[in-house]
Amino acid sequence: MKLVLSQEQQELRAAVRGYLSTASPLSKARQGYDPQVYTRLNGELGLPGLVVPEEYGGSGAGMAELAVVLEETGAALLPGPFLATAFTALALTQVPDKELLSGIAEGRIAATIDGAELTHDGAAVSGVLPRTLSGMEADVLVVPAHGADGLVMTAVELAGPGVTRTPLETLDLTRGQALVTLDAAPARVLGPAPESGILDRLRVALAAEQLGVMRAALDAIVAYAKVRVAFGRYIGSYQGVKHKLADMHCKLEQAESIVRYAAWATDESPADLPEAAALAQAYVGRACFEVARDHLLLHGGIGYTWEHDAHLFYKRAKANEVLLGPPRIHRARLAQLLEL
Amino acid sequence: MKLVLSQEQQELRAAVRGYLSTASPLSKARQGYDPQVYTRLNGELGLPGLVVPEEYGGSGAGMAELAVVLEETGAALLPGPFLATAFTALALTQVPDKELLSGIAEGRIAATIDGAELTHDGAAVSGVLPRTLSGMEADVLVVPAHGADGLVMTAVELAGPGVTRTPLETLDLTRGQALVTLDAAPARVLGPAPESGILDRLRVALAAEQLGVMRAALDAIVAYAKVRVAFGRYIGSYQGVKHKLADMHCKLEQAESIVRYAAWATDESPADLPEAAALAQAYVGRACFEVARDHLLLHGGIGYTWEHDAHLFYKRAKANEVLLGPPRIHRARLAQLLEL
Amino acid sequence: MNLAEYRRAARAWLQENAPSDDHPEADGLTRVKEFMAKLYDAGYSGITWPEQWGGQGLTQAEERVFAEEARHYTLPTNVFMIGLGMTGPTIVDRGTDAQRARFIRPLLRGEEIWCQLFSEPGAGSDVASLQTRAVRDGDQWIVNGQKVWTSVAHHADWGLLLARTDVDVPKHKGLTMFVIDMHHPGVTVRPLKDMSGRANFNEIFFDNVPIPDEHRVGEVNDGWSVAVTTLLHERLSISAGVGMGGQKDNPASLEALREVVDTSDPLVRDELVELHIRSRALALFNQRLAQETKAGIFPGARGSAAKLLLAELAMYQADLGTRLVGPEAALADHPLARAISLAPGMALGGGTNEIMRNIVGDRVLGLPPEPRVDKTVPFKDLKVGTQA
Amino acid sequence: MNLAEYRRAARAWLQENAPSDDHPEADGLTRVKEFMAKLYDAGYSGITWPEQWGGQGLTQAEERVFAEEARHYTLPTNVFMIGLGMTGPTIVDRGTDAQRARFIRPLLRGEEIWCQLFSEPGAGSDVASLQTRAVRDGDQWIVNGQKVWTSVAHHADWGLLLARTDVDVPKHKGLTMFVIDMHHPGVTVRPLKDMSGRANFNEIFFDNVPIPDEHRVGEVNDGWSVAVTTLLHERLSISAGVGMGGQKDNPASLEALREVVDTSDPLVRDELVELHIRSRALALFNQRLAQETKAGIFPGARGSAAKLLLAELAMYQADLGTRLVGPEAALADHPLARAISLAPGMALGGGTNEIMRNIVGDRVLGLPPEPRVDKTVPFKDLKVGTQA
């Protein structure tokens with residue numbers, strides 16, 4: 001089991017962090033998706049192709065590397081379809097037809113994935129997807145559909161015929177969703193839907209982003225506690241604040257350990273993946289919201305203002321916590337896996 | 001709804017508190033049951049007869065008054081069969097044959113009650129009671145038994161034939177239990193076992209004792225925080241301690257409110273009793289242990305020693321929390337009553 | 001008139017005169033000012049205030065009776081609450097007779113709206129570290145600085161302003177209280193959006209705003225003791241309000257959640273049981289405090305425990321609700337998305353949870369105070385606000 | 001010998017020599033002292049300690065290899081742990097050559113047992129406020145006072161004693177470190193029962209006990225810096241131990257609880273899931289710290305986070321177990337009754353949870369320190385211990 005970053009992984013982290021700090025500072029995050037940032041993310045850093053196998057033009061890296069990147073995009077609250085595209089790339093590695101992966105690796109295609117099951121008539125799919133992540137920004141949607149051959153994974157061009165998209169205003173101001181209605185939208189069949197493995201990978205990837213969000217939130221309030229004064233003392237010198245920050249740090253240490261473990265399991269120990277993935281969502285999703293919540297509250301009144309960034313973290317943390325379903329499903333899955 | 005104490009109830013409290021502070025100080029509590037204290041509790045204060053109707057020689061008071069008394073016996077960690085006798089008196093008010101109540105009111109009889117259902121052959125009962133509260137100290141046991149007439153409440157002389165008692169060492173050093181084996185022990189039938197009402201009353205009575213335990217524990221650590229110095233300051237001046245004590249106070253305020261409400265419901269609003277009783281055990285039982293736990297931890301090393309009283313509160317709180325069953329049963333009952 | 005008669009009269013008046021629509025403020029201030037005038041003329045504004053200055057001179061008993069009757073209505077008095085609950089009582093307690101004569105009656109009758117100008121960006125929990133300056137200039141004072149978190153400032157005619165008048169003494173000793181004219185052109189009111197996107201507060205900027213010395217409240221450099229009076233009234237009106245508001249409009253209440261979540265799941269049921277337990281525990285505590293108050297036992301700092309618990313409950317409820325409902329709750333127009341955006345407000349308005357815990361620890365439990373470095377240093381040498 | 005060879009040799013030695021029974025201490029000290037001598041003679045005691053003073057002079061790599069192999073056994077070395085983990089390294093780091101020559105080899109070979117004498121009834125978290133006095137008397141010092149929380153003192157031959165030698169300077173500046181002869185008649189060792197009823201600790205009373213000046217460790221009044229060395233070694237040996245102990249003997253572990261509770265109840269299952277989540281989270285954190293240490297990244301104060309979490313987990317587990325099991329768990333001989341009686345010990349030994357949070361806040365997060373009143377006042381004017 002490998003829980004510490006390699007030299008290469010640390011360099012990857014530094015590169016992504018460096019890029020995002022100039023290309024997508026927090027002050028830009030609240031303005032929403034900037035396709036230019038996304039293009040350069042593809043061009044300079046080749047990030048969307050990170051987990052795409054080399055034969056399809058990607059870097060052939062593993063979840064361990066993707067986790068490092070998602071931690072940074074999470075910390076930056078990067079707007080746009082990066083997580084959705086990473087989700088889709090992870091799913092595509094699990095289906096026979098991998099052609100789309102090349103487009104993702106080249107940075108040509110932003111993609112998204114949705115778990116709602118549609119109907120498929122051989123050439124086109126129909127159905128309603130009430131909340132598709134980054135549905136307005138993505139070019140391609142990967143979605144399971146029922147047809148003559150059972151449940152298959154299909155790919156739909158979102159700019160194509162038969163597709164209606166309505167942007168949804170979301171709690172998370174930095175990343176949107178869309179209502180997508182498919183009415184006989186042409187769809188390519190990518191192969192039979194795998195019985196398992198896709199959702200577990202999304203759980204791990206999301207946990208990595210959550211780790212980044214909580215780390216950035218904790219960093220922000222720690223920094224503030226060192227400069228904000230009340231009653232003649234820095235607020236970080238009060239045990240009321242200090243002890244809460246220490247507890248938040250404890251959550252962060254454990255969350256990072258779990259994310260590294262889950263990424264390792266994805267790459268190296270598939271038998272451990274289901275437990276690790278459920279654990280990652282059950283622990284990290286909750287810890288991320290709790291840290292984001294307390295980071296906001298400890299800012300005092302200024303943290304309650306629209307102008308301050310605290311609520312962006314708080315809202316992303318809450319939106320992420322419920323993104324893959326009500327959190328109890330991860331706990332129920334653990335109960336099942338532990339054969340309790 | 002009445003949530004504040006009347007003048008008379010405050011005077012009752014002061015009388016009991018005054019008596020116990022001299023007759024049963026904490027330094028005596030760890031030495032166990034002192035029948036003399038119990039006798040004077042009967043004689044001077046007439047406490048065991050508090051809820052016994054006046055026609056049977058008692059004071060005919062209600063749960064509101066009994067709660068005031070139990071809070072004080074709880075705060076003093078009074079050893080012996082007082083709670084068991086109060087439990088039994090409450091049960092006896094709900095059965096047709098109330099003769100035993102006179103004995104309790106006169107202070108002649110210490111009694112206990114057990115919920116395990118025995119078998120009854122018309123004149124005697126048989127069965128094993130694995131953990132009877134104050135089973136060594138009580139004179140009479142009230143217990144339900146199955147016989148020809150269905151489930152009836154019976155009374156057994158514990159010093160009589162057919163009864164074997166084995167003292168059990170318990171976590172709670174200040175109040176014991178006994179293994180009681182009944183082998184055709186002569187039993188008087190008190191009438192059919194009521195379908196409901198007894199257990200709810202015991203829940204409320206226990207919550208009152210728990211309120212007293214938590215109040216005394218909080219008082220003890222607050223007093224210590226005002227005299228103990230670390231790093232040149234009273235430990236109560238550190239927010240790490242102060243804020244925890246404030247949270248404990250919040251629990252105490254809510255626990256007291258719930259106990260007053262549950263006592264009022266018992267006396268005045270029987271329709272509310274089941275919910276109030278389940279609420280009382282679900283909230284106060286947990287809050288009492290949490291406060292006792294934190295009071296022990298905040299004492300630092302000295303709280304971990306045998307000589308210090310902290311562990312007596314901690315252990316009583318834990319023993320009480322599970323006395324009427326694993327705490328989840330109170331939550332399950334609430335779910336049922338709320339028709340969730 | 002005995003209390004029963006008083007109650008009957010109040011009930012009848014309310015039946016006839018209380019607005020039937022929920023949000024009469026929507027029409028602007030005209031209608032609410034008209035209502036306030038009617039309320040005053042009927043004798044129901046300033047019930048316990050001194051007759052001499054325009055009040056009714058009655059007791060808390062009458063006030064409570066009227067409040068109990070009024071609870072069945074939503075009276076459009078929000079915009080007057082700062083004046084009625086805080087600044088007005090301060091003028092009554094600490095103002096000059098001339099100030100009382102000038103300000104109280106128009107305030108009670110809703111003719112003039114008040115705001116309170118204490119908090120600053122660098123002085124939140126620690127109000128006494130404020131930096132807005134008032135400098136004496138003959139018969140008047142010149143004010144420069146910035147205030148924040150000011151409710152109803154955009155409607156206000158007058159503001160109760162706490163400003164620094166001496167930087168060479170410790171922070172509590174160089175403050176003075178004033179009444180400032182909010183219509184002066186040097187006063188700029190800018191709406192301040194909270195994290196939910198609503199503009200419920202304002203920032204106020206003062207650029208050389210003159211205040212005549214006769215609008216000074218209390219002695220020069222004795223403003224902190226006046227502010228303590230105001231904050232005491234604030235705490236009273238908050239704790240009077242705590243627990244009064246029903247849960248019926250709260251999308252995260254047990255009543256609301258049980259309608260939208262899957263109660264066939266035992267784990268969901270148990271979460272709702274926990275919500276019931278916590279809600280009941282606080283509601284009963286609030287009722288006990290109210291009964292004690294009725295019985296003449298003043299809750300004092302114990303009200304801060306209730307406020308702390310309310311803030312924690314609000315956050316817990318909204319958090320629980322979103323977790324139970326799942327992905328839907330993250331859409332902006334879902335009631336629980338709004339609830340989770342508003343939930344921190346309860347903790348941050350009227351004192352943070354940490355301040356509440358300090359109050360409970362110090363004043364209820366009598367614990368020793370934190371050592372203070374800020375009570376003796378001259379203000380100009382003191383660290384304040386945000387700095388490295 | 002390369003590491004693989006070292007490992008093979010260690011494994012073979014352990015197979016042959018490690019005691020097969022679990023509690024060889026039951027026979028008293030003879031057998032464990034014999035074992036320790038064998039261990040030393042085989043070269044496995046003091047692996048990284050300097051050869052000059054009786055150690056093996058090898059690296060942490062060999063030490064880790066031996067520890068990994070030894071983990072499969074329960075070696076009867078508990079009684080030597082204070083010496084090996086704390087007092088011995090202090091003598092090596094800060095003692096005179098004469099002290100090293102006199103004390104180290106017998107310590108490593110198990111011939112002499114050591115205890116540590118820092119804490120006092122009035123000086124727990126705040127060790128430096130201790131009151132035990134050592135007064136100079138020619139070539140020796142005379143010690144009077146009381147220590148507490150001392151493990152293995154009833155077996156100890158020597159104690160590392162921190163005592164006050166100057167009350168006219170601030171508390172950290174008037175302390176001196178000594179080695180004291182535990183067999184002197186002026187030393188009284190009294191067993192101290194913990195709340196579970198076990199006598200795991202001792203109180204020690206000193207009545208005019210002389211110490212020759214050559215048994216002073218470090219300079220006069222520089223004892224605090226020596227104590228910091230000892231405490232650093234203590235923290236290292238605690239964090240090395242954290243997470244190493246398996247959960248197999250813990251009656252409140254998931255593995256144990258799942259056998260005795262009703263897992264057909266979904267609420268019980270969910271409680272066990274929570275226990276799994278918390279246990280795994282901490283276990284993985286400990287494994288990550290261990291991997292970092294192997295990679296040369298020293299965990300430092302982050303180990304205090306692991307210690308805090310372990311204390312909280314121990315309490316949470318025992319509490320949960322008793323709640324799930326119910327009334328039976330309140331019988332004294334139930335394993336969970338013992339677990340709940342021992343659970344607070346983890347939080348109170350080696351620094352309270354509050355102290356751990358301070359360390360994490362100050363040293364990991366770099367937060368500003370609490371203002372200190374005790375660093376400048378002469379000790380004789382300082383509030384210490386318990387007083388009104």
Side-chain angles (χ1 to χ4, degrees), chain B residues 130-131 133 168-173 175-177 179 224 226-235 237-241 244 285-286 289-290 293-294 296-308 310-312 314-316 318-329 331-332 335, chain D residues 119 121-126 128-129 148-149 171 192-199 201 261-262 265 267-268 271 311 315 319 322-334 337 340-341 343-345 347-349 352-354 357-358 370 372-375 377 382-388:
Chain B
R131 290 176 307 275
L133 186 67
L168 298 172
E169 214 184 313
T170 51
L171 175 66
D172 181 357
L173 299 159
R175 187 160 62 205
Q177 300 182 9
L179 163 66
Y224 188 64
K226 292 178 185 175
V227 296
R228 175 69 181 188
V229 174
F231 307 102
R233 280 167 56 182
Y234 293 113
I235 62 169
S237 73
Y238 291 100
Q239 289 189 351
V241 174
K244 204 156 238 171
R286 180 89 283 250
F289 177 71
E290 288 174 348
R293 175 197 65 199
D294 291 339
L296 185 143
L297 291 176
L298 289 172
H299 270 95
I302 195 155
Y304 191 58
T305 60
W306 184 262
E307 278 70 25
H308 198 277
H311 70 102
L312 302 178
Y314 173 87
K315 290 169 178 174
R316 168 73 72 95
K318 176 48 78 179
N320 275 357
E321 190 184 14
V322 298
L323 185 63
L324 298 178
R328 66 181 174 279
I329 65 172
R331 301 171 64 91
Chain D
S119 295
S125 297
D126 178 14
S129 69
V148 78
W149 305 125
K171 66 178 188 179
L192 181 67
K193 277 202 282 185
D194 70 22
M195 60 178 275
S196 77
R198 298 183 316 178
F201 304 104
V261 301
D262 172 18
D265 182 336
L267 299 181
V268 173
E271 298 272 22
M315 178 55 86
D319 179 26
T322 50
R323 278 187 283 133
L324 291 180
V325 165
E328 275 175 69
L331 295 184
D333 59 359
H334 195 285
I340 197 78
S341 295
L348 298 174
T352 64
N353 293 348
E354 284 70 35
R357 290 192 179 94
N358 278 341
E370 192 90 15
R372 288 282 289 266
V373 298
D374 59 330
K375 287 199 157 174
V377 184
L382 185 69
K383 276 203 184 77
V384 292
T386 305
Q387 56 179 91

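Just so we're on the same page: letters track the sequence lines, and every chain starts at 1. None of the values given here were measured: they were computed from a predicted structure. Computation of the quantities below employed the complete heavy-atom set of this structure, encompassing side-chain atoms and omitting hydrogens, waters and symmetry-equivalent molecules.
For the options B/Ala319, B/Gly285, B/Gly325, B/Gly240, heavy-atom pairs under 4.5 Å to chain D are most numerous at B/Gly325. The residue among B/His311, B/Arg228, B/Glu169 with the most heavy atom pairs within less than 4.5 Å of chain D is B/Arg228. Contact count against chain B (heavy-atom pairs under 4.5 Å) is highest for D/Gly385 among D/Ala199, D/Gly385, D/Gly124. Between chain B and the residues D/Ala343, D/Ser129, D/Ser341, the most heavy-atom pairs under 4.5 angstrom are made by D/Ser341. Counting heavy-atom pairs closer than 4.5 Å to chain B, the top residue among D/Ala123, D/Ala347, D/Gly345 is D/Gly345.
Between the side chain of B/Tyr314 and the backbone N or O of D/Ile340, at least one donor-acceptor pair lies under 3.5 Å. In this structure a side-chain-to-backbone donor-acceptor pair under 3.5 Å is missing from B/Lys318 to D/Ala329. A distance-only check finds no donor-acceptor pair linking the side chain of D/Asp126 to the backbone of B/Ala230 [under 3.5 Å].
Contact of D/Lys375 with chain B is not made at all, since no heavy-atom distance falls under 4.5 Å. The parts of D/Arg323 that come within reach of chain B are both its backbone and its side chain, each placing non-hydrogen atoms under 4.5 angstrom from that chain. Only the backbone of D/Ser196 comes within contact range of chain B, with at least one heavy atom under 4.5 Å from a heavy atom of that chain. Looking at B/Arg131, only its side chain comes within 4.5 Å of chain D, counting heavy atoms on both sides. Residue D/Leu324 touches chain B through both its backbone and its side chain, counting heavy-atom pairs closer than 4.5 Å. The parts of D/Asp319 that come within reach of chain B are both its backbone and its side chain, each placing non-hydrogen atoms under 4.5 angstrom from that chain. For B/Ile235, no part lies under 4.5 angstrom from a heavy atom of chain D. Contacts between D/Ala311 and chain B at a heavy-atom distance below 4.5 Å are absent for every atom of the residue. Of the two parts of D/Glu370, only the side chain, counted from C-beta on, holds a non-hydrogen atom closer than 4.5 Å to a non-hydrogen atom of chain B. With a threshold of 4.5 angstrom between heavy atoms, B/Glu321 approaches chain D through side-chain atoms but not through N, CA, C or O.
To the nearest 0.5 Å, atoms CD1 (B/Ile302) and OG1 (D/Thr386) are separated by 6.5 Å. Put simply, CG on B/Leu168 and NE2 on D/His334 are 13.0 Å apart, with the number rounded to the nearest 0.5 Å. How far CG of D/Leu331 is from CG of B/Asp172: 11.5 Å, rounded to the nearest 0.5 Å. Within the model, atoms CG of D/Leu348 and OG1 of B/Thr305 stand 10.0 Å from one another, a figure rounded to the nearest 0.5 Å. The CG atom of B/Leu171 sits 11.0 Å away from the CG atom of D/Asp333 when rounded to the nearest 0.5 Å.
A salt bridge links B/Lys244 with D/Glu354: the distance from a Lys NZ or Arg NE/NH1/NH2 to an Asp or Glu carboxylate oxygen falls below 4.0 Å.
For D/Pro327 against B/Leu323, the heavy-atom pair with the smallest separation is CG-O, 4.2 Å. Between D/Lys171 and B/Phe231, the closest heavy-atom pair is NZ-CA, 3.6 Å. Residue D/Leu192 comes nearest to B/Glu307 through the heavy atom pair CD1-OE1, 4.0 Å, listed as atom of the first residue, atom of the second, then distance. For the pair B/Val322 and D/Thr322, the tightest heavy-atom approach, listed with the atom from each and the gap, is CG1-O, 3.5 Å.
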**OP:** Could you give me the CA-CA distance, side-chain angles and deciding distance for D/Leu267 and B/Arg331, then say whether side chain to side chain contact (heavy atoms under 4.5 Å, CB included) is met?
**Re:** CA-CA 10 Å; D/Leu267 299 181; B/Arg331 301 171 64 91; 5.8 Å; no

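Residues passing the salt bridge (charged side-chain N to carboxylate O under 4.0 Å, His left out) test with B/Arg175, sequence neighbours excluded: B/Glu209.
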